[in-house]
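Below is one structure, written out as structure tokens; comments come after it.
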Amino acid sequence: MGEGDGYKPWWAIDKAAWREKFAVVYKLKSISEGRDQPLPPWSEKDVEEFQNSDPVYGPQLKLVRQGANIANVGAVVGGLATAAITFKYSRSAVGAIGAFAGGAVVGWALAEEGASLGLGLYKFNCMDTNLKFLDWWEKKHR
């Protein structure tokens, strides 16, 4: 494994490869770059305006938001159900709190996967849809 045989250790991968592996981080970084002030908060009316104005990303954003709501409900239901069962049988508040946290994570994950399959969220990139909305929102408030 000398210098001339073309071997590169895992940490010596070029920047393009690292950017590809951590594309999510770079996309999120693009939201906040060059901005002194945070974006103003938006309302449901603003989201509906975007959904009506963009024929491609509008319906996708609606589905993404529905999927997020389903995942949130799944997290609450999973957390409360596991906490209740744990508290019923163990009478331990600490155990119920831990069960709530674990049940919320599992409930969120299962509901998110169910929403992804049921709503067809796997057919497009949800992060790109959200980024298009944020770009639209930023342009609207310049």
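This structure is a prediction, so every number in the text was calculated from the model and none was measured.
Linking Ile, Leu, Val, Met, Phe, Trp and Tyr residues whenever their side-chain heavy atoms come within less than 4.5 Å leaves Leu121 and Val56 in two separate clusters. With hydrophobic clusters built from ILVMFWY side chains whose heavy atoms lie under 4.5 angstrom apart, Leu131 does not share a cluster with Val64. Met127 and Ile70 end up in different hydrophobic clusters when Ile, Leu, Val, Met, Phe, Trp and Tyr side chains are linked at under 4.5 Å. Side-chain heavy atoms closer than 4.5 Å link hydrophobic residues (I, L, V, M, F, W, Y) into clusters, and following such links, possibly through other members, connects Trp137 to Phe50.
Between Lys62 and Gln66, some side-chain heavy-atom pair lies under the 4.5 Å cut-off. Leu134 has its side chain out of reach of Glu138: every pair of non-hydrogen atoms, C-beta onward, lies at least 4.5 Å apart. Annotation: side chain of Lys140 is in contact with side chain of Asp46 (closest heavy-atom distance under 4.5 Å).
For Gly74 against Ala111, the heavy-atom pair with the smallest separation is CA-CB, 3.8 Å.
The OG atom of Ser90 sits 11.5 Å away from atom CD1 of Ile85, with the distance rounded to the nearest 0.5 Å. Note that the CG atom of Leu63 and the CZ atom of Phe124 stand 5.0 Å from one another [nearest 0.5 Å].
Asn52 places a side-chain N or O within 3.5 Å of a backbone atom of Glu48 that can act as its donor or acceptor partner. No donor-acceptor distance shorter than 3.5 angstrom exists from the side chain of Ser116 to the backbone of Glu112, with no hydrogens or angles considered.
Contact check on Arg65 versus Glu44 returns a salt bridge, with a Lys/Arg side-chain nitrogen under 4.0 Å from an Asp/Glu carboxylate oxygen.
Residue Leu117 belongs to a hydrophobic cluster whose other members are Tyr122, with links defined by side-chain heavy atoms closer than 4.5 Å.
The six-membered or imidazole ring of Trp136 lies away from that of Tyr57, with a centre-to-centre distance of 6.0 Å or more.
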Pairs of donor and acceptor atoms involving the side chains of residues 91-108, under 3.5 Å and at least two apart or interchain, shall be tabulated with distances.
{"residue": "Ser92", "atom": "OG", "partner": "Gly95", "partner atom": "N", "Å": "3.1"}

